Amino acid sequence: MLRIESKQNPRIRAWRKLQTAKNRRKQGRYLVEGDHLLEEALSHQALIETVLYVEDYMGPLLNQVLERKIEMIQVSRDIFKELAMTETPQGIMAVIKMDTSSMTDLKGQSYLICDAIQDPGNLGTMIRTADAAGWDGVLLAPGCVDLYNDKVLRASQGSIWHLPIVMASNQEIYDALKSQDLPIYVTALHQEANSYRAITQPPGGLVLGNEGQGVGSFWLEKADQTLYIPMSGQAESLNVAIAAGVLLFHWSRLSE
């Protein structure tokens, strides 16, 4: 079993660069940390290239990695800390090849469209919620935070491997939905918007927008219907991930 002890090892230097979105895109791979995410990646056939672990790692996953015949490399704790992006790393991580879905994979009837969602915790939570509510996929419009950001991965709790996630232009997403005659619902605060409670037909595409600016003009113009969430308190708006939970589970209930 291979062991690397030098921080200047070419592979270590390449993996260290995976801490930035630019280099993740350039290399076509990303890092995941910890027992839970690695277990989810193993369970859902993520394209794991290499597993890195420290000598005193005591978790349960090494046997599974061996059975899958995935490359395993032991590294010093100093190297591991340089690669890790958590304050208290668990001592195991994986290098995974990107395998995002394409627009041709869209075969379902319900899609969450994220329009310029910039907070990684929000994006990861929205993906996890769409998964939990049984939606068919998540479509990432331009301006969203990088899908493989460590905080997105951790907030998703493995849901990025459970359902199709597509990154595409606004027009590509719109054309794909309309080719299937799917309606598009857009969250908005203007007076013409309808309460989500009045929506009783099956979902198509549901667009939620940027934390500060809301949904962009492209989707507001393309919407078949705009909607809002009535609030009885004095708050002006909901966190976008909370709003997603309300709306996604509303439609999930209608589909039961």
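Remember, it's a predicted structure, so these values are computed and weren't measured experimentally.
- Between Asp175 and Lys222 there is no salt bridge, since no side-chain N of the basic residue sits under 4.0 Å from a carboxylate O of the acidic one.
- Counting only heavy atoms from C-beta outward, the side chains of Lys178 and Asp224 approach each other to under 4.5 Å.
- Looking only at side-chain heavy atoms (C-beta outward), Tyr185 and Tyr196 stay at 4.5 Å or farther from each other.
- Looking only at distances, a side-chain donor or acceptor of Gln19 sits under 3.5 Å from a matching main-chain atom of Leu83.
- For Lys69 and Glu67, the salt-bridge test fails: no basic side-chain N is under 4.0 Å from an acidic carboxylate O.
- Side-chain contact between Gln27 and Lys22: absent, with no pair of heavy atoms (C-beta onward) separated by less than 4.5 Å.
- The backbone N or O of Ile199 lies less than 3.5 Å from a partner atom in the side chain of His250, making a donor-acceptor pair.
- Across all their heavy atoms, Pro89 and Glu33 have their closest contact at CB-OE1, 3.8 Å.
- Environment of CZ in Arg13: sparse, with no more than 12 heavy atoms of neighbouring residues, nucleotides or ligands closer than 6.0 Å.
- For the atom pair OH (Tyr111) and CG (Leu177), the distance works out to 8.0 Å, reported to the nearest 0.5 Å.
- Counting all heavy atoms, side chain and backbone alike, Ala130 lies closest to Val138 at CB-CG2, 3.8 Å.
- Side-chain contact check for Phe80 versus Tyr53: every heavy-atom pair is 4.5 Å or farther apart.
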Is there a side-chain hydrogen bond (donor to acceptor under 3.5 Å, both in side chains) between Glu40 and Ser43? Walk through the geometry before answering. CA-CA 5 Å; Glu40 287 291 313; Ser43 298; 5.5 Å; no
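- Closest approach of Leu61 to Ile92, counting heavy atoms only: CB-CD1, 4.5 Å.
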Which pairs would a plain distance check flag for residues 226-242, meaning a side-chain donor or acceptor within less than 3.5 Å of a matching protein atom at least two apart in sequence or in another chain?
unit_1: Asn239; atom_1: OD1; unit_2: Ala241; atom_2: N; d: 2.8
unit_1: Asn239; atom_1: OD1; unit_2: Ile242; atom_2: N; d: 3.2
unit_1: Asn239; atom_1: ND2; unit_2: Asn122; atom_2: OD1; d: 3.2

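- At least one donor-acceptor pair under 3.5 Å links the side chain of Glu172 to the backbone N or O of Ser169.
- Checking Asp35 against Tyr57 by side-chain atom types alone, a donor-acceptor pair falls below 3.5 Å.
- Checked by atom type and distance alone, the side chain of Arg128 never pairs as donor or acceptor with a backbone atom of Gln157 at under 3.5 Å.
- Looking at heavy atoms from C-beta onward, Asp115 lies out of side-chain contact with Leu208 at the 4.5 angstrom threshold.
- Applying side chain to side chain contact (heavy atoms under 4.5 Å, CB included) to Val152 and the options Asp119, Asp146, Ile117, Val145 leaves one that passes, Val145.
- With rounding to the nearest 0.5 Å, the separation of CE in Met98 from CZ in Arg25 is 8.0 Å.
- Considering only heavy atoms from C-beta on, Asp56 comes within 4.5 Å of Arg77 through its side chain.
- Residues Ile70 and Leu42 have side chains in contact (heavy-atom distance under 4.5 Å, counting atoms from C-beta outward).
- When only modelled atom types and interatomic distance are considered, Asn9 and Ser6 share no side-chain donor-acceptor pair under 3.5 Å.
- Residues Val65 and Val51 approach most closely at CG1-CG2, 3.8 Å, considering heavy atoms.
- Donor-acceptor pairing under 3.5 Å is recorded for the side chains of Thr50 and Glu71.
- Between Lys151 and Pro120 the shortest heavy-atom distance is CB-CB, 3.7 Å.
- Counting only heavy atoms from C-beta outward, the side chains of Glu82 and Ile79 never approach each other to under 4.5 Å.
- Among the candidates Val95, Leu2, Leu52, the single residue satisfying the side chain to side chain contact (heavy atoms under 4.5 Å, CB included) test with Arg11 is Leu2.
- Judged by distance alone, the side chain of Arg16 and the main-chain N or O of Lys7 form a donor-acceptor pair under 3.5 Å.
- Between the side chain of Asp136 and the main chain of Ser110, a donor-acceptor pair closer than 3.5 Å is present.
- The CD1 atom of Ile173 sits 11.0 Å away from atom CE of Met167, with the distance rounded to the nearest 0.5 Å.
- The neighbour count for Gln213 CD, taken as heavy atoms of other residues, nucleotides or ligands under 6.0 Å away, does not exceed 12.
- Judged by distance alone, the side chain of Trp251 and the main-chain N or O of Gln201 form a donor-acceptor pair under 3.5 Å.
- In terms of modelled atom types and a separation under 3.5 Å, the side chain of Ser252 and the main chain of Ala133 share a donor-acceptor contact.
- Of the inter-residue distances, the one linking Gln90 atom CD with Leu38 atom CG reads 10.0 Å to the nearest 0.5 angstrom.
- Proximity of a side-chain donor or acceptor of Asp131 to a complementary backbone N or O of Ser159 within less than 3.5 Å is not detected.
- Of the candidates Val207, Leu106, Asn170, Leu106 is the only one forming a side chain to side chain contact (heavy atoms under 4.5 Å, CB included) with Leu139.
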